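For reference, the structure discussed in these notes is given below.
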Protein chains: 2
Amino acid sequence: MVRQARNARERARGELTAAIKDEARRQLAAEGASRLSLRAVAREVGMVSSALYRYFPSRDELLTALIIDAYDAVGAAAERALAEAEQAGEPFGARWLAVCRTVRAWALDHPHEYALLYGTPVPGYAAPQTTTGPASRMPSALLRIVRDAHAAGELREPVSGGPAPTEELLAQAEQLAVLLEIAVPAAATVEVLIAWAQLSGLVSFELFGQFHGVVDARDALFDHAAAGLATRVGLAPSPGVR
Amino acid sequence: MVRQARNARERARGELTAAIKDEARRQLAAEGASRLSLRAVAREVGMVSSALYRYFPSRDELLTALIIDAYDAVGAAAERALAEAEQAGEPFGARWLAVCRTVRAWALDHPHEYALLYGTPVPGYAAPQTTTGPASRMPSALLRIVRDAHAAGELREPVSGGPAPTEELLAQAEQLAVLLEIAVPAAATVEVLIAWAQLSGLVSFELFGQFHGVVDARDALFDHAAAGLATRVGLAPSPGVR
DNA sequence: CCACTTTCGAGAGCAGTGCTCTCGTCCGCC
DNA sequence: GGCGGACGAGAGCACTGCTCTCGAAAGTGG
């Protein structure tokens with residue numbers, strides 16, 4: 001009974017916290033992070049602005065919560081796409097492409113949330129440790145494809161061009177692979193890391209209007225680029241897919 | 001004399017406009033675009049905020065002016081790096097690397113200005129036509145390297161992997177090359193376009209803290225990635241450079 | 001069952017923002 | 001030399017994030 005009572009309070013708190021986050025996400029999706037207003041959120045959930053501070057100590061904390069959710073959302077989408085591609089018995093190159101396409105699709109569906117993750121960070125903001133886990137889900141999915149290809153003996157040498165990565169870089173890649181518990185040759189990890197950043201560059205350009213008036217055939221451009229990335233990291237190109 | 005008098009006024013206006021832009025750029029560099037405050041700028045140049053509207057009709061217009069300047073600054077840096085590499089008789093791959101490195105260095109030196117160009121756009125903002133010219137300077141420099149390599153008969157087939165670009169994409173690339181007056185095979189243009197976006201992804205990741213706690217050897221990572229891009233667009237890897 | 005503590009929401013208020021409007025003033029042109 | 005347009009200042013509007021105080025609930029221990 002005592003626990004009941006305590007739970008009532010806590011449940012109310014949990015529900016309100018969720019309501020605030022939902023409304024905040026709504027505003028984020030509609031207007032972008034910079035226009036997310038604490039007061040407007042409070043108004044919408046039927047509180048006065050100061051009351052909201054009982055749930056989130058600052059605007060940045062609210063944003064952090066949204067960031068974590070967004071990382072989880074892209075990560076989950078990527079993992080789902082990968083799982084489906086695996087179950088369909090797709091070759092590794094096709095799995096890579098599937099994940100890339102899914103990430104892009106998510107970004108186009110949630111532009112402001114994607115911008116929150118991979119765009120300009122809010123000024124005084126330093127990502128707390130709690131974000132790193134969710135943040136790594138998407139790149140981890142990419143890395144796992146490479147790992148599986150390697151395990152299956154189908155990973156080719158990375159087509160990177162130029163001099164081989166430095167020892168320092170390989171050591172860090174090794175360390176990273178250990179941290180993520182994904183056993184991959186260090187050289188391949190380096191290439192995936194680079195591909196991850198480059199993938200984000202492609203999506204950001206599209207999202208942030210850099211291709212506006214320059215490229216219309218964005219689907220084709222992206223697919224071509226993503227296939228190129230697959231080749232670069234050592235996954236055989238997937239001939240049939242288009 | 002009359003012209004003198006008219007010039008006196010116009011010169012005063014020009015000087016004040018410049019002073020405002022300088023102070024705005026200072027604040028931008030120090031604090032980032034989101035913390036750039038019209039009132040603070042006005043205060044610093046010794047005006048009241050409303051007077052500033054005689055010079056810039058809105059905060060967005062001021063930002064636009066800064067954006068154009070910033071595009072010109074990266075563009076100029078890239079062009080300078082390319083010219084130097086050309087005069088030094090560097091091979092095409094090395095020229096590519098030099099431009100990439102310069103762009104990255106500029107970005108690391110001017111993080112907030114770079115973010116203004118390639119990061120999250122300000123919410124209601126649509127880049128006016130006047131920005132497209134300066135914006136194309138940097139990618140044009142990259143494209144010219146490829147053109148020159150092609151003209152010299154040293155451009156290899158792009159190492160893109162996957163299916164060839166669609167007809168639609170190639171047509172657009174052709175069109176773009178004509179617009180920029182840089183005669184390059186369409187397939188190569190496509191690869192440069194992709195490389196441009198990917199380059200920006202690499203720089204953004206570094207700038208926006210995505211590599212924080214993940215990669216320390218960022219110089220090595222970037223050089224390796226940039227060399228890879230050179231290979232991808234068909235420029236022979238530059239063996240001696242490191 | 002009754003005190004006591006914690007939790008919560010509301011209100012007022014502070015310092016700041018972008019932007020508008022009005023009102024004198026001074027500069028430069030006819 | 002007068003007149004129109006450019007200009008700077010000031011007040012004001014509707015916002016923002018955030019703090020502090022205060023009264024009312026809700027939950028806890030005796």
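All figures in this text were calculated on a predicted structure; none of them were measured in a lab. Chain letters run A, B, ... following the sequence lines, proteins first, then strands; residues in each count from 1.
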ask   = Looking at residues at least two apart in the chain, or sitting in another chain, which of them share a ring pair (Phe, Tyr, Trp, His ring centres under 6.0 Å) with A/Y118?
value = A/Y114, B/F205
For nucleotides 23-26 of chain C, which of its nitrogen or oxygen atoms have a protein nitrogen or oxygen under 3.5 Å away, and what is each distance?
none

key: Contact list for DNA chain D against residues 19-30 of chain B - heavy-atom distance below 4.0 Å   = none
Figure out the [atom1]/[atom2] separation between [X] and [N], and round it to whole Å.
| X | N | atom1 | atom2 | value |
| --- | --- | --- | --- | --- |
| B/M47 | D/dC7 | CE | C1' | 10 Å |
| B/R11 | C/dC27 | CZ | C1' | 14 Å |
| A/F56 | C/dT7 | CZ | C1' | 17 Å |

N or O in side chain of A/R13 less than 4.0 angstrom from C/dC8 OP1/OP2 = yes
ask   = Considering residues at least two apart in sequence or located in another chain, which fulfil the side chain to side chain donor-acceptor pair (under 3.5 Å) criterion with B/Y71?
value = A/Q210
request  = State which residues pass side chain to side chain contact (heavy atoms under 4.5 Å, CB included) with A/T102; sequence neighbours excluded, sorted by chain then number.
outcome  = A/A77, A/A81
Contacts of type side chain to side chain contact (heavy atoms under 4.5 Å, CB included), residue B/V214, not counting sequence neighbours = A/L176, A/L193
inquiry  = For residues 38-48 of chain A, which residue pairs pass the side chain to side chain donor-acceptor pair (under 3.5 Å) check, not counting sequence neighbours?
reply    = none
Set of salt bridge (charged side-chain N to carboxylate O under 4.0 Å, His left out) partners for A/R95, sequence neighbours left out = none
task = Can you tell me which residue pairs pass the salt bridge (Lys or Arg N to Asp or Glu O under 4.0 Å) test with a partner in residues 129-141 of chain B, sequence neighbours excluded?
result = B/D72-B/R137, B/E79-B/R137
query = Tell me the salt bridge (Lys or Arg N to Asp or Glu O under 4.0 Å) pairs involving residues 104-115 of chain A, sequence neighbours left out?
reply = A/R104-A/E206, A/R104-A/D219
task = Summarise protein proximity over nucleotides 14-21 of chain C in one line of letters, 5' to 3': B for base, S for sugar-phosphate only, - for none, counting protein heavy atoms closer than 4.0 Å.
result = ---BBBBB
Under 3.5 Å, which donor-acceptor pairs link side chains of residues 14-28 of chain B to any protein atom two or more places apart or in another chain?
residue, atom, partner, partner atom, Å
B/T17, OG1, B/R13, O, 2.7
B/K21, NZ, B/D69, OD2, 3.4
B/D22, OD1, B/R25, NH2, 3.2
B/E23, OE1, B/R26, NH1, 2.8
B/E23, OE2, B/R26, NH1, 2.7
B/E23, OE2, B/Q27, NE2, 3.3
B/R25, NH1, B/D69, OD2, 3.1

query = Contact class for B/L16 vs. all strands (heavy atom < 4.0 Å): base, sugar-phosphate, or nothing?
reply = sugar-phosphate
ask   = D/dA9, C/dG9, D/dC7: which one has an atom nearest the side-chain heavy atoms of A/Y55?
value = C/dG9
ask   = When rounded to the nearest 0.5 angstrom, what distance separates NE2 in B/H212 from OG1 in A/T132?
value = 10.0 Å
OG1 on B/T166 to CD on B/Q172, rounded to 0.5 Å = 9.0 Å
